[in-house]
Amino acid sequence: MQNIRINQIKDFCDNIVKINGWVYNSRRSGKIGFLTLRDGFGLLQCIVVKNEVSEETFENFKKLTQESSISVIGKVVKNDRATGGYEILLESFDTHHLSKDYPITPKEHGTEFLMSNRHLWLRSKRQHAILKIRHQIIKSIRDYFDMNDFTLVDTPIFTPSAAEGTSTLFKTEYFGKDAFLAQTGQLYGEASAMSFGRHYNFGPCFRAEKSKTRRHLTEFWMVEPEIAYCEIEEDMQWAENLLIYIINQVLDKRLNELNILERDIDVLRKVKGPFPRVSYTECIDQLQKDGFNIQWGDDFGSPEETHIANQYDCPVIVHRFPSDIKAFYMKRDPENEKVVLGMDILAPEGYGEIVGGSERETDIEILIERIKEEKLNQSDYDWFLDLRKYGSVPHSGFGMGLERVVAWICGLSHIRETIPFARTMTRLNP
RNA sequence: UCCGGUGUAGCUCAGUUGGUUAGAGCAGUGGACUGUUAAUCCACGUGUCCGGGGUUCGAGUCCCUGCACCGGAGCCA
C-alpha cells in the first residue's frame, strides 16, 4: 500500500492507498458518512459506510471534528458525484489529534476575525488557492530573469539612509546608530548591474506610510531588475515581457486555482503585447478632456490612475513624467528637460500601479544637483556617485510590486490576502 | 493627518418612537436519516450590548467623550 498525495489520485484508481491530512468537513446521513479530507495538495471526499467498516471505525468517524489530523486508508474509485471525480471508500483511519472548537466554521466570517486567525485561515480553500498562485508568480518571475541570464543579487534590508527620500521609513536602532528598513534595493541594484550586466533583486520592502487602503501593506515584496547598457524603451519591453510571461504561466499551470477564486479568465487571456504606451502629457490632455481637474505637473491621484487604466484591456505604460514628481536618480529626457525617462505600468480593473521604472541618470554633476534639490545628504550617496565615476553607462531598471500583481491576477478586492501574513498600519499579529 | 462608517452571544447579524425578561441563523452537544457537497430535520444556552460620563421614572437605542476596527484621500509598489 502506498502513501499518496491527493493531487496524485488519478494515478491510483482502484488501488488501496494511505493519505495523511486533516478533516476539512464531515457529514453523516445515518449509516453513510462523507468526509472531506484536506492534505495541502487538494481536497478529497472519503465515503464511510457503516456496514463496510468495523464498528469501532464508524464510532471514531462520528467523533471527528473539523481540522482533526488523520491518516486515511481506503480504495480509490472514480465517481462523478464527488468533486474532482474521484473518492475513497474508507476502510480504516488513524486519528493523530482531535481538534476542538476550530474557530473558522464553514459559514461566513468577517475579515477582521479572519485576519486575526490568519494562521488558520491559510488552510481555507480560497486562501490556499491565492498562495499557490502567489508561489507560481514568484517562480515565473525568477524563471523569466534566470532564463534571460540575469543574476539574483540580494540587497540589504538594514540601510543607513533613505534611498528615494520620499516615503516614510521604519527606523530602528543599530548598535547605537540609526538604521532604516529598506524601501527599495534599487541603488544597490545599480552597483550590481555594473558587475553582472543584468541584475535582479527580490525581497521584502518596508514603508511606514500611514496608508489604509486596499492597495497598501507596510511590508511587501518587490522584484527589481537593473540592466546595464539599456535605455528606457528596452526597459519597458523587459517589463511588458515579464508581465506577459507571468500571466501565461499562471493560466497554464494554475487554472484550477483561478477557477476556485472565480476569476474571469477571459480578462487575463486578453493580456497580450504590445501594451499601449502613452506619455504623461497625453494622459493629462485626455484627463482634462474627460473633465478631471488636473494641471500639467500634478501627480495622478487614484481616481486619475483608474480612469487612464480603464481605457484599455491590457496594462498601460505611462511614460515621461515631470521630473519634479519623480525620484532624483531618473534621467532627464534629452528632448525635453522638464520630463524624466520614467515609466509606470498601470494594471486594468482599477488595480493601479504595478510597475515603476526608469532610465537612470548617468551624469554625476546632474545627480549631485538633484540630490541637493531634494535636500538629501550627499555623503550618504558617495558610493552611489562612484558608479558614475568608474565606467558610467546608460542603464535602466524597474520595480514590480508582487502583491499588487497577485491581487490583480487573482481578482482580489484587497491586497491583504495576497501575502501569507500581512503587515498593515493596524496589524502586526499573528 | 483628514473625511465617512462600524462596534450587541464563539462567528455573522437583527433589535421599531427610549419601555419592563436581549433576539435569530450558524458553530457546539444529543438524537433521526445509505449519496451528502456550507446537507437537512428535532431538542438543548450563551451576553461587560466597546469603555467612561450625561439626559431621563427608564438607555442596546438619545447627547458628549475616549478607544478599537473598516473604507477612502494624500503618498506609493
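It should be emphasised that the depicted structure is a prediction, and the values quoted were computed from it without experimental measurement. Letters A, B, ... are given to chains in the order of the sequence lines, protein chains preceding strands, and every chain is numbered from 1.
B/U55 is unpaired under the criterion used here, namely a Watson-Crick or G-U wobble arrangement in which both key atom distances are under 3.5 Å. Within the shown strands, nothing qualifies as a pairing partner of B/U37 under the Watson-Crick or G-U definition with both distances less than 3.5 Å. Within the shown strands, B/G23 is the pairing partner of B/C13 under the Watson-Crick or G-U definition, both distances less than 3.5 Å. Base pairing analysis places B/G4 opposite B/C70; the two distances defining the Watson-Crick or G-U wobble pair are each below 3.5 Å.
Here A/F34 does not count as stacked on B/G35, because the ring centres are not under 5.5 angstrom apart with planes under 30°.
A straight line from CZ of A/R207 to P of B/A77 spans 5 Å, rounded to a whole angstrom. In this entry the distance linking OH of A/Y200 with P of B/A77 reads 21 Å, nearest Å.
Within the 4.0 Å cut-off from OP1 or OP2 of B/U34, not a single side-chain nitrogen or oxygen of A/S29 is found. Contact annotation: A/R404 does not reach the phosphate of B/A77 (side-chain N/O to OP1 or OP2, under 4.0 Å). Between A/R27 and B/C41 there is no side-chain N or O to OP1 or OP2 distance below 4.0 Å. Within the 4.0 Å cut-off from OP1 or OP2 of B/G71, at least one side-chain nitrogen or oxygen of A/R416 is found. Put simply, A/H414 has no side-chain N or O that comes within less than 4.0 Å of OP1 or OP2 on B/C70.
Comparing A/T65 and A/T111 along RNA chain B, the residue whose closest nucleotide (by nearest heavy atom) sits nearer the 5' end is A/T111.
Under 3.5 Å, the side chain of A/N51 and the base of B/U34 form at least one donor-acceptor pair of N or O atoms.
No side-chain heavy atom of A/V153 sits under 4.5 Å from any side-chain heavy atom of A/Y188.
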